[in-house]
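See structure below.
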Amino acid sequence: MNIEIEELAKEFGTERALHPVSLSIPSGALIALLGPSGSGKTTLLRILAGLEFPTSGRVLFGGQDATGLSVQERRAGFVFQQYALFKHMTVFENIAYGLRARKRHERPTEAEIGRRVNRLLELIQLPEIGTRYPNQLSGGQRQRVALARALAIEPRMLLLDEPFGALDAKVRKELRQGLREIHDRTGLTTVFVTHDQEEAMELADLVVVMSMGRIEQVGKPAEIRAKPASDFVRAFTAA
Amino acid sequence: MSDIALTRPVPVTSEPPLARYLLIGFAVVFVTLFLFAPLLTVFAEALRQGWAGALDALRLPDAQAAIRMTLTIAAIAVPINAAFGIAAAWAITKFDFRGKAFLITLIDLPFSVSPVVAGLMLVLLFGANSTLGGWLIANDMPIVFAFPGILLATLFITFPFVAREIIPVMMEQGRAEEEAALTLGASGWRTFFTVTLPNIRWALLYGVLLCNARAMGEFGAVAVVSGKIRGETATMPTMIEMFYNEYLSVAAFTLAAVLAMLALLTLLLKSLLEWRHADLLAATRRH
């Protein structure tokens with residue numbers, strides 16, 4: 001599903017987190033929002049998820065205006081920075097949460113929930129951990145469980161906030177590949193936020209470089225490397 | 001070098017034996033003197049004329065009315081303040097709004113105001129001499145020297161307990177788990193019952209137990225508002241004082257022993273819950 005962002009702006013009190021920005025995300029793409037902290041990238045992601053609402057502008061999902069849709073109606077799979085797994089639930093229950101939260105007539109049967117959760121555990125290559133609690137998992141395992149939980153709701157898109165931020169360098173590299181594979185298998189339009197230019201360049205089809213609440217440049221990694229649109233982009237992507 | 005190797009290595013966090021025994025001894029003496037001894041005295045005094053004397057004291061209609069009053073007040077005040085406490089903590093920790101700091105201060109107000117002053121406030125507001133109080137009495141809805149007054153006083157005094165216990169826990173947990181539940185399609189209520197409440201349940205339990213202990217034990221504010229009418233508005237603490245002032249020490253201490261046992265019972269209940277759910281408690285501890 002393609003995402004259109006039209007003249008989207010966000011103010012927190014008197015502070016402008018996002019100047020009017022426009023962006024068009026093609027269906028099935030893997031997009032990186034790249035920028036330093038305070039560049040507005042997380043705000044933009046949270047607006048897409050329905051966790052924040054824009055001061056002005058519109059968001060369109062598949063051509064339909066989604067600006068006023070509630071967070072629940074958006075059906076966006078969201079992976080949080082520290083994963084925000086439910087500490088008091090097992091991995092199985094974490095992943096099943098979105099299915100159980102559905103209205104009664106849309107809710108799968110218990111057996112069907114079990115099948116789907118197990119399929120997701122296999123997708124993230126951790127089939128044996130369903131009965132464990134989040135605090136018994138490594139950082140990398142937690143990230144993959146968070147991914148499975150987001151995928152369980154059969155989302156219309158996948159949004160990830162610094163998905164590799166809490167991991168050490170070695171695990172980070174492995175999981176980059178993991179995210180790429182999951183993206184390719186599900187075909188979901190995927191947007192992830194990062195401040196790591198190497199990560200963005202290596203993983204994304206399209207990189208959106210942001211600074212101070214504005215989009216500096218949108219392009220394929222090679223294009224951005226070859227023709228940085230501003231001094232900021234040149235400096236930031238050279239780092 | 002060799003004599004260094006011969007000395008046993010002492011962990012850096014360990015104290016010399018003498019200091020250790022002194023510290024432990026001091027703690028034991030302190031606890032005995034200031035916690036166990038007074039509690040034992042209460043029970044000993046209650047049983048000075050044997051079990052029969054204590055049971056006779058409990059059969060006094062005034063004593064029974066006081067016990068009923070205290071239990072009723074606690075049964076109403078604690079759930080109300082638990083609900084208010086959760087709502088206040090929720091508002092403070094999950095939303096940003098103007099006047100937040102003021103609200104936090106306001107929640108602490110009952111802690112800083114003397115209970116007697118709180119009681120007097122209610123008397124001034126709802127007493128026969130005020131316009132509001134006069135109207136209420138004329139319409140047969142007296143507040144002061146009646147049940148509603150005692151309830152209001154207890155609600156006021158015990159308001160901070162639940163909120164104060166929950167706020168730090170909620171602040172530490174942030175909003176991420178709730179937001180995650182919302183993105184997974186859960187409604188606000190579902191999020192509250194399946195994510196927020198399980199995360200705060202131990203703090204909530206502590207708060208409720210403290211709130212309950214105080215609701216049953218409150219003296220000052222209730223003494224002023226209730227007028228201490230025997231058999232009608234006297235609660236256990238005020239009845240204990242009246243018995244004591246009338247030199248009915250067995251009755252006073254028996255009632256005091258019952259109050260103390262109610263407090264011990266709540267503590268026991270708490271320990272029991274913690275013990276039964278120890279594995280879950282360990283699992284939900286922060287990673």
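This structure is a prediction, so every number in the text was calculated from the model and none was measured. Sequence lines set the chain letters: A, B, ... in the order given, protein chains first and strands last, and positions in each chain run from 1.
No more than 12 heavy-atom neighbours from other residues, nucleotides or ligands sit within 6.0 angstrom of CZ on B:R164. Atom CD of A:E106 is surrounded by more than 12 heavy atoms from other residues, nucleotides or ligands within 6.0 Å. At most 12 heavy atoms of other shown residues, nucleotides or ligands fall within 6.0 angstrom of atom OH in B:Y206. Atom NZ of A:K173 has 12 or fewer heavy atoms from other residues, nucleotides or ligands within 6.0 Å. By the 6.0 Å contact criterion, CZ on B:F111 is enclosed, its count of non-hydrogen atoms from other residues, nucleotides or ligands being greater than 12. Other residues, nucleotides and ligands place no more than 12 heavy atoms under 6.0 Å from the OH atom of B:Y21. For A:M212, the CE atom is loosely surrounded, since the number of other residues' heavy atoms within 6.0 Å does not exceed 12.
Per-residue heavy-atom pair counts under 4.5 Å with chain B were compared for A:F78, A:Y83, A:F80, and the maximum is reached by A:F80. Counting heavy-atom pairs closer than 4.5 Å to chain B, the top-ranked of the candidates A:R102, A:R149, A:R74 is A:R149. Between chain B and the options A:L99, A:V79, A:V71, the largest number of non-hydrogen pairs under 4.5 Å is found for A:V71.
Using a 4.5 Å cut-off between heavy atoms, A:R100 contacts chain B through both its backbone and its side chain.
Listed by sequence position, the residues of residues 82-98 of chain B in contact with chain A number zero, using a 4.5 angstrom heavy-atom cutoff. Of residues 178-186 of chain B, those residues with a non-hydrogen atom less than 4.5 Å from any non-hydrogen atom of chain A are, in numerical order, B:E179, B:A180, B:A181, B:L182, B:T183, B:L184, B:G185, B:A186.
The line from CG of B:L197 to NE2 of A:H88 is 9.0 Å long, rounded to the nearest 0.5 Å.
The two residues A:A84 and B:E177 have their closest heavy-atom pair at O-CG, 3.8 Å.
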